[in-house]
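Inspection log for the structure reproduced underneath, given as structure tokens.
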Amino acid sequence: MGQHEPVDAQKLRELDIRHHLHPFTTFAELAKTGSRIITRAEGCHLWDAEGNRILDGMAGLWCVNVGYGRERLARVAFEQMRELPYYNTFFQTATPPAIELAAELARLLPGGIDRIFYASSGSEANDTIVKTIWYYWNLMGRPEKKTIISRTLAYHGVGLGSGSLTGMSFMHEPFDLPLPRFVHIGNPYWFAEGGDLDPEEFGRVAAGWLEQKILEIGPDKVAAFVGEPVQGAGGVIVPPPTYWPEIQRICRKYDILLVADEVICGFGRTGRTWGSETFGIEPDMVAMAKGLSSGYQPIAAVGIGRRVGDVIFAAEKEYAHGVTYAGHPVACRVALENLRIMREEGLFERASGPVGRHFAARLAEFRDHPLIGEVRTCGFLAAMEIVEDKETRRPYPPERRVGFACREISIDNGLVMRAIRDAMVLAPPLTITEAEIDEMVDKARRSFDELARRLGR
Ligand code: PXG
């Protein structure tokens, strides 16, 4: 690996603290610790500036579905940059990659979702969805039907609209969000909220909160319900199987649009191409990003089904929305090649095959660990809940930050796990092998054991 220049990590850390504001970071805390600087990656592993080799249990930020180091993606980006590095899709122009990717997504998407609008991030995709929902009801002559319902602990992005859909109070309070007309209901988090109900019953109860909220606001005022099939950043909240069919029924009953945020679940994460397929959701619109390009290029998209698509397509009116990089030819070319790799290697379904079963079975071993109150998996998504009391599912007080401590121990052990509250989360590249899953489980076990020792358990 002689082509890799050594980096002066200390110097970089100083510059980083001085000039670089990181997302979702307490700057004063970072100034004390400094950043871990990641310099290269291959397959499912990262290397930091000190030369440590780390298994990436999070596929970057839930996005590097085909793994790192794909020459083919680098090559198509290089070739597209040489041929046509940029042209826009405004003013009645288009480029071949933008058209071809739209057609490919229309082919892949479920249930008649066949029109694609591009963006550069999941947040922009969800802002597009918010505006398109409102535009649709305006075109339908129902301008009062505008309230959008999403859920607490939902993550839909950071824009003014997408950030309002998001249901995290720590992201709302500093920025005076949510905007008016955004309303949140509880989420189907059985482990934390289910009490004595069995998961199936709790799933129906949690879906019932949607109906209650619709009736409280008035069905004539409710425009849409937006949800992630599995809530990712909220803590890999896997809904009971009774939840989504009931949500679907309620949306139909009250004539409310149903939107699936597939930014994490899309492109094979749950063991089918779409989370909507895994959970039997028939959305009117979907948001896509992350796995669309496996993170090799910043690209996102909105898929629009017939109900909304036919109306906005037929309107004798400009759809006055879109960004400079919508349908960026390099990003679209890379996404197309990424989808080709996923198809050739069976990655859309890999999480529901033998390797996915190995992932679920090995992680299930942690149910016997003294710290772990629940292990839940869905495809290549997993959460392991650290609790103070396994019987009552009682968590540690948040100020003890045991999840954060576990994450630090884990990285030192050579595994990136994400801590969401005290749920330790995994979402590895879909290319992970059985041997790498074993490596992941060994490193996670050492981390849990070390944490247990520190907690005196
Ligand atoms: N929808 C979902 C379901 C997401 O998970 C977004 C939209 C927004 O995408 P952009 O590209 O604007 O970030 C996301 C993003 C975390 C974490 O800490 C999760 C995300 C982003 C950053 C951090 O788990 N998800």
Side-chain angles (χ1 to χ4, degrees), residues 21-26 56-65 117-130 148 150-168 170-171 175 177-178 182 184 187 225-239 259-270 274-276 278-279 281 283 285-303 323 325-326 328 331 335 378-383 403-404 407 411 416-428:
L21 295 180
H22 297 221
F24 288 87
T25 295
T26 306
D56 185 4
M58 280 307 293
L61 260 182
W62 326 73
C63 58
V64 188
N65 288 14
F117 189 86
Y118 291 114
S120 308
S121 67
S123 298
E124 286 173 6
N126 281 320
D127 278 334
T128 298
I129 282 174
V130 166
I148 304 180
S150 58
R151 297 172 293 179
T152 54
L153 298 185
Y155 192 97
H156 298 293
V158 297
L160 291 174
S162 56
S164 294
L165 289 175
T166 290
M168 314 254 187
F170 83 101
M171 288 171 61
F175 304 112
L177 291 178
F182 290 88
H184 300 85
N187 51 66
F225 175 76
V226 179
E228 303 151 78
V230 175
Q231 289 179 246
V236 181
I237 300 170
V238 183
V259 178
D261 183 339
E262 294 272 4
V263 167
I264 285 179
C265 293
F267 307 102
R269 180 56 62 194
T270 67
W274 308 104
S276 293
T278 301
F279 290 93
I281 309 167
M285 286 193 262
V286 301
M288 300 164 264
K290 296 192 189 272
L292 170 55
S293 68
S294 287
Y296 279 66
Q297 286 285 293
I299 180 169
V302 176
V323 295
Y325 297 137
H328 192 287
C378 176
F380 282 134
L381 285 169
F404 180 81
R407 190 195 73 149
I411 293 180
V416 177
M417 274 200 280
R418 168 105 165 71
I420 299 174
R421 298 173 302 281
D422 294 340
M424 302 312 297
V425 165
L426 292 166

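Just so it is clear, the values below take in all heavy atoms, side chains as well, and ignore hydrogens, waters and symmetry mates. Numbering of ligands and ligand atoms starts at 1, following listing order. Since this is a predicted model, take the numbers as computed values, not measurements.
Listed by number with element, the atoms of ligand 1 under 4.0 angstrom from any heavy atom of G122 are 8 (C), 9 (O), 10 (P), 11 (O), 12 (O). Ligand 1 places these atoms under 4.0 Å from at least one heavy atom of E228: 3 (C). Close contacts between ligand 1 and D261 involve ligand atoms 1 (N), 2 (C), 3 (C), 7 (C) [criterion: under 4.0 Å to a heavy atom]. If you number the atoms of ligand 1 from 1 as listed, the ones under 4.0 Å from a heavy atom of L61 come out as 16 (C), 17 (C), 22 (C), 23 (C). Close approach of ligand 1 to I264 is summarised as follows: ligand atoms under 4.0 Å from at least one heavy atom of the residue are 5 (O). Contact atoms of ligand 1 toward G157: 8 (C) (distance under 4.0 Å to a heavy atom of the residue). Using a 4.0 Å cut-off to heavy atoms of S121, the atoms of ligand 1 that qualify are 11 (O), 12 (O). Using a 4.0 Å cut-off to heavy atoms of N126, the atoms of ligand 1 that qualify are 1 (N), 7 (C).
Scanning the protein for heavy atoms near atom 3 (C) of ligand 1, the closest one is Y155 O, 3.2 Å. Atom 13 (O) of ligand 1 has S123 OG, 4.4 Å as its closest protein atom, hydrogens excluded (heavy atom only). At the top of the distance list for atom 18 (O) of ligand 1, counting protein heavy atoms only, stands R418 NH2, 2.4 Å.
The closest side-chain heavy-atom distance from V416 to R418 is not below 4.5 Å.
With hydrogens and angles ignored, the 3.5 Å screen pairs a side-chain donor or acceptor of H184 with a backbone N or O of L165.
Taking any N or O of W62, backbone or side chain, at least one lies under 3.5 Å from an N or O belonging to ligand 1. An N or O contact shorter than 3.5 Å is missing between H156 and ligand 1 by distance.
In this structure, K290 counts as a contact residue of ligand 1, since one of its heavy atoms falls inside 4.0 Å of the ligand. Look at F24 and you'll find every heavy atom at least 4.0 Å from all atoms of ligand 1.
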